[in-house]
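What follows is one structure encoded as C-alpha cells, with my remarks underneath.
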There are 2 protein chains.
Amino acid sequence: MSVRTLRIGLCGLGTVGQGVWKHLTADRPELEARLGVKLELARGAVRNPKKRRSVRIPASKLTTDALAIARDPSIDIVCELVGGTDLAREITLEALRRGKVVVSANKALICAHGAEIFATAREHGGRFLFEASVAGGIPIIKALREGLVANRFPLIYGILNGTCNYILTQMEERDAPYTQVLGDAKRLGYAEADESLDVEGWDAAHKASVLAYLAHGVWVRPEQMIVEGIARITPADFKNANALGFGIKLLAVIWRDFETNELSVRVHPTLLPESHVVAKVNGVFNAISVQGDVVGTTLYIGRGAGQDATASAVISDIVDAVALLRRQKGEMIDGDFIETTARRQAPPRIAPPEHIEGRYYLRLTVEDKPGVLSAIAAVTARQHVSIASVIQSPAERAGAASLVLTTHRSNERALRNTIARLRRLRPVLEEPVLLRIAEFPE
Amino acid sequence: MSVRTLRIGLCGLGTVGQGVWKHLTADRPELEARLGVKLELARGAVRNPKKRRSVRIPASKLTTDALAIARDPSIDIVCELVGGTDLAREITLEALRRGKVVVSANKALICAHGAEIFATAREHGGRFLFEASVAGGIPIIKALREGLVANRFPLIYGILNGTCNYILTQMEERDAPYTQVLGDAKRLGYAEADESLDVEGWDAAHKASVLAYLAHGVWVRPEQMIVEGIARITPADFKNANALGFGIKLLAVIWRDFETNELSVRVHPTLLPESHVVAKVNGVFNAISVQGDVVGTTLYIGRGAGQDATASAVISDIVDAVALLRRQKGEMIDGDFIETTARRQAPPRIAPPEHIEGRYYLRLTVEDKPGVLSAIAAVTARQHVSIASVIQSPAERAGAASLVLTTHRSNERALRNTIARLRRLRPVLEEPVLLRIAEFPE
C-alpha cells in the first residue's frame with residue numbers, strides 16, 4: 001500500500017511561521033506514524049529570503065511569492081501566517097478556490113472577510129481552519145465546534161488579549177500608571193511598537209467577532225460593538241475596585257438572549273468580583289468562559305499568543321486538515337463547511353443599547369466644592385440611573401476631587417445619556433471614566 | 001442521494017442515559033442537518049422497563065437485555081451507560097467485535113479493562129470513545145488527543161472528583177467537620193450513599209489512569225499509585241493551611257520526567273497556594289491543568305458530573321462517531337485506533353517513591369509536654385527530612401497538642417519512613433496526617 005504524501009506550504013515565516021516550521025519538523029515522524037501519511041514542509045514564502053531565521057530552511061524551499069504557494073497544485077495545505085487582511089485574503093481565497101485546506105491564525109482577516117472566505121470554501125470544496133486565531137494555546141474553537149456540540153451558548157466572555165491583561169496585572173501589582181507599564185511592556189516585548197490595536201480593544205473585538213460567528217452564525221463587526229480600551233484606567237481605579245471587592249479585566253462579552261433572539265458583542269474593561277476565577281487570570285494568559293445550555297459553565301485558560309502556543313494550535317489544525325484530505329471529495333457533507341455551531345433558527349439581531357443591562361462604575365474628576373455631588377445625582381436621577389455607592393477622594397489634579405459612583409442595574413443607553421449630560425456640567429473637569437461591573441455566574 | 005440512517009442504542013437509562021435521550025431527542029434535527037445522516041434513538045436497555053423515567057420512551061424500544069443491543073446488527077452506535085465493570089465490559093467487547101462504535105462514560109471500566117477494550121477495537125475495526133469518562137462537562141479528552149496534538153505532557157494535574165471538592169469547599173467555608181459535611185452532601189445528592197469510591201480517592205484514581213494512558217500510553221492501576229482520600233482532613237487543617245497561605249484540594253497528579261522516562265500517577269489532598277487559580281475552583285466543579293511542552297500551561301474548568309454535563313460529552317462523542325462511521329472500512333488508519341497520544345518512545349517506568357519529590361505538611365497529635373518536638377525533630381533529621389516551619393496549637397483531645405510541620409523539599413520514601421518511625425514514638429497519640437504541598441507552575 002503506497003503512503004500518500006501531503007505537502008504543506010507556509011506563507012509567512014515570522015515568529016509564528018518559524019515556530020510551526022520548528023515544531024512540525026520535530027513532530028513529523030510521530031505525526032506521520034499516527035496519521036498514516038507522509039508530511040512534507042514543501043515551501044515557505046518570505047519577504048526577504050536572506051534574513052536570518054531561528055530555523056534552518058533550505059533556500060530552494062523559499063520564495064518571495066506567497067500567492068505562488070497558494071496556487072501550487074502540489075501543495076495540499078496552506079498555512080496563511082502573513083498577517084494583515086490584503087495579501088492574506090488573496091492567499092486564502094486562491095488556495096480555497098483550488099480545494100486546498102487553509103490554516104490561519106489571522107483573526108483580523110476572518111473578522112473582515114470571513115463571510116467571503118467561508119462561502120469560497122464551500123463553493124470549491126476547500127476548508128478553512130482557524131484554531132490559532134483566538135486564544136492560541138487554548139483549543140477553544142474545537143471545544144465550541146466539537147466538544148460542546150450539544151450546546152447553545154447564551155454567554156461567552158473572557159480575556160482575549162494577553163497584552164492588555166499583562167498591562168492591567170502590572171498596573172495593579174506595581175501600583176503603576178498606564179504609560180509607565182506600557183513602556184516597560186514594549187521593552188519586554190509584551191506590547192507592539194504600535195500598541196493601539198491591543199490597548200484600544202480592537203484585537204479582542206476581532207476575536208470576539210470570530211467566536212460570535214462560531215457560536216451564533218452572524219458576523220458582528222467591531223464598529224457594531226461597544227469597544228473600549230484600557231488607556232484611561234488609573235492606579236486609583238484599581239484601588240477603588242479593590243475597595244469594592246473587584247479586580248479589573250478587559251473582557252470580551254458575547255451575550256445572546258434566546259427568548260428575544262438578540263445578540264450583543266462588546267469589549268470593555270470590567271470589574272470582576274475578586275473571588276471570581278477569571279479575576280485570578282494574570283499576566284499574558286487568556287481565559288474564556290463558555291456557558292452552554294446543557295453543560296453549564298466551562299472555563300478555558302492558557303497562553304493566548306506567542307510563538308509556541310500559536311504553533312501548537314496551527315499544528316493541531318494541520319492534523320485535522322490531514323483527516324479532511326484523506327476523505328474523498330464525494331464524501332463531503334454539509335457540516336464540513338459549517339464554520340458556525342449556530343442552530344438553524346432565525347439569525348439574532350444586534351441588541352439595542354437599552355437592552356444591554358448591567359451595573360456600572362463611573363469615575364468623575366470634579367471641582368472640590370460643595371454641591372457637586374448633588375448636581376451629579378440630579379443628572380443620574382433624570383436618566384433613571386440609581387446610585388448604589390459613592391466614594392469621594394482627592395484627585396491627582398490640584399483643587400479637584402475624584403468621585404466614584406457605582407450604579408444599580410441600568411442599561412447602556414441610560415449610561416450613555418448620563419455621561420453626555422455629565423460632560424456638560426461645569427464642575428466635571430475631565431472626560432468621565434466608565435467601567436462595567438460583571439454580573440456573570442461563576 | 002439517499003441519506004443514511006445511523007441507529008443508536010443506549011445500554012443503561014439511569015441519570016446519564018435519560019439525559020442523553022432527552023438532549024439527543026431535542027438536538028436531533030440540528031445534528032442531522034449538520035451531519036448529513038438520520039439519527040435514530042433505536043433501543044434502550046433497562047433493568048426495569050416499568051420504572052418511571054423523566055423521558056418518555058416507547059415500551060417497544062425498551063429491553064432488559066443490554067447485550068442484545070450490543071449484538072443487534074442494525075445498531076451502529078452503542079452507548080454503554082450501565083456502570084460497573086462486568087456487564088459493561090461484555091457490552092463493550094460484544095459491540096466492538098461487531099465493528100460498532102462504543103461511547104462510554106465508564107472510567108472504572110476503562111481503568112480495569114482498557115487494554116483489552118482498545119485491542120478488541122483495533123482487531124475488529126470498532127471504535128471506543130470516552131469523552132464523558134473524565135470531567136464530563138470539560139472536553140479534556142478531545143483537548144489532549146486533538147487540540148494539543150503537538151505536545152508532550154510533563155505534568156497534568158487537577159480536581160477530578162466533584163464530590164470531594166464539594167465536601168472540602170463546604171468544610172472550609174462553614175468551618176465544619178468532615179462527617180457533618182458528608183452527611184449534608186448525601187442529603188443534597190452531592191455524595192453517593194456509599195461514599196467510599198469518591199472520598200477515598202478511587203474515582204479520581206480511575207480518571208487519572210485514563211488520562212495517564214491517553215498522555216503516556218501505559219496503564220497505571222490505582223494499586224500502583226499513591227491514593228489518599230479526604231476523610232482525615234479536619235477544619236484545623238484548613239486553618240493551618242490558610243495561615244501558611246494555602247487552600248486544600250484533592251488533586252490527581254500525572255507527572256512524567258522525559259529525561260529519566262519515569263512516570264508517577266497519584267491522588268492526594270494537596271496544599272495549593274491561595275493565589276493559584278485551581279485553589280479558587282470550588283464546589284462540584286472539576287479543573288484540569290495540562291502542561292504541554294509546546295503550548296505551556298492550559299487549564300480547563302467545568303462540571304465534572306451530573307446528568308446534563310455528562311450527556312453533553314456523550315453527545316459530542318456520538319457526533320464524532322458519525323464522522324467515523326461515514327468513512328469506509330478500508331480508509332481506516334493506524335491513528336484511528338490510537339487511544340493514546342504518547343510518542344513512540346520506550347514506555348515510561350513507574351517512578352519509585354524516592355524519585356517523587358515535594359514539600360510536605362505533617363500534622364501530629366502529641367502529648368502536651370516538653371521534649372516532644374525535640375524527639376520528633378530527631379526522627380525527621382535521621383530521615384534527612386528538613387523542617388521548614390512548625391505550628392503548635394492545642395489539640396481537640398484533652399492534654400494533647402497539635403504539631404503541624406512543613407518540610408523543605410524531600411521525597412515520598414523519606415516521608416514514608418519518617419511516618420513509620422513517628423508512629424512508634426510514645427508521645428505521638430494518633431495516626432499522623434500527611435498532606436502534600438503543591439509546587440506547580442501557575
Side-chain angles (χ1 to χ4, degrees), chain A residues 19 23-24 27 29-31 33-37 131 136-139 141-143 146-151 275-277 280-283 285 287 292 294-303 306 308-309 311-316 319-320 323 326-328 331 333-335 338 341 343-344 442, chain B residues 19 23-24 27 29-31 33-37 131 136-139 142-143 146-151 275-277 280-283 285 287 289 292 294-303 306 308-309 311-316 319-320 323 326-328 331 333-335 338 341 343-344 442:
Chain A
H23 291 294
L24 201 53
D27 283 354
E30 278 298 332
L31 294 176
R34 203 181 304 177
L35 296 168
V37 295
E131 183 65 70
I138 308 172
I141 308 289
K142 191 173 275 289
E146 304 175 25
L148 303 179
V149 65
N151 292 267
S275 62
H276 198 294
V277 177
K280 304 289 169 193
V281 176
N282 290 325
F285 278 81
V294 177
V295 81
T297 300
T298 60
L299 176 64
Y300 308 82
I301 301 173
R303 282 183 177 76
D308 294 329
S312 175
V314 169
I315 291 172
S316 86
V319 169
D320 280 359
R326 287 185 56 259
R327 288 206 238 151
Q328 300 301 313
E331 270 199 286
I333 52 171
D334 207 37
I338 293 181
T341 68
R343 305 306 162 107
R344 291 169 184 230
E442 275 289 328
Chain B
H23 290 295
L24 201 53
D27 282 353
E30 279 296 333
L31 293 177
R34 203 181 303 177
L35 296 168
V37 295
E131 183 66 70
I138 308 172
K142 191 174 274 291
E146 303 174 24
L148 303 180
V149 65
N151 292 266
S275 62
H276 198 294
V277 176
K280 304 290 167 192
V281 175
N282 289 327
F285 277 81
S289 174
V294 177
V295 80
T297 300
T298 61
L299 176 63
Y300 308 81
I301 301 173
R303 281 183 177 76
D308 294 329
S312 174
V314 169
I315 291 171
S316 87
V319 169
D320 280 359
R326 288 185 56 260
R327 289 206 237 151
Q328 299 302 311
E331 268 199 289
I333 53 169
D334 207 37
I338 294 180
T341 68
R343 304 306 161 108
R344 292 167 184 229
E442 275 290 326

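To find a chain, count down the sequence lines: A is the first, B the second, and so on, and within it residues start at 1.
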(request) Flag the one option from A:Asp308, A:Val314, A:Leu299 with the top tally of heavy-atom pairs under 4.5 Å to chain B. (result) A:Leu299
(message) Is B:Val294 close to chain A through its backbone or its side chain, or both, or neither, when contacts mean heavy atoms under 4.5 Å?
(response) both
(message) Heavy-atom pairs under 4.5 Å with chain B - which of A:Ser312, A:Ala323, A:Ala309 has more of them than the others?
(response) A:Ser312
(request) Flag the pair B:Val149 / A:Leu31 as yes when at least one side-chain heavy-atom distance between them is below 4.5 Å, and no otherwise. (result) yes
(request) Could you tell me which of B:Gly296, B:Gly283, B:Gly306, B:Gly137 has the largest number of non-hydrogen atom pairs under 4.5 Å with chain A? (result) B:Gly137
(request) Name all residues meeting the side chain to side chain contact (heavy atoms under 4.5 Å, CB included) criterion together with A:Thr298; count only those two or more places apart in sequence or in a different chain, and write none if there are none. (result) A:Leu148, A:Val290, A:Val295, A:Tyr300
(request) Could you tell me the separation between the CD atom of A:Glu146 and the NZ atom of B:Lys142, rounded to the nearest 0.5 Å? (result) 4.0 Å
(request) Count the heavy-atom pairs under 4.5 Å between each of A:Ala313, A:Pro139, A:Gly302 and chain B, then report the option with the highest count. (result) A:Pro139
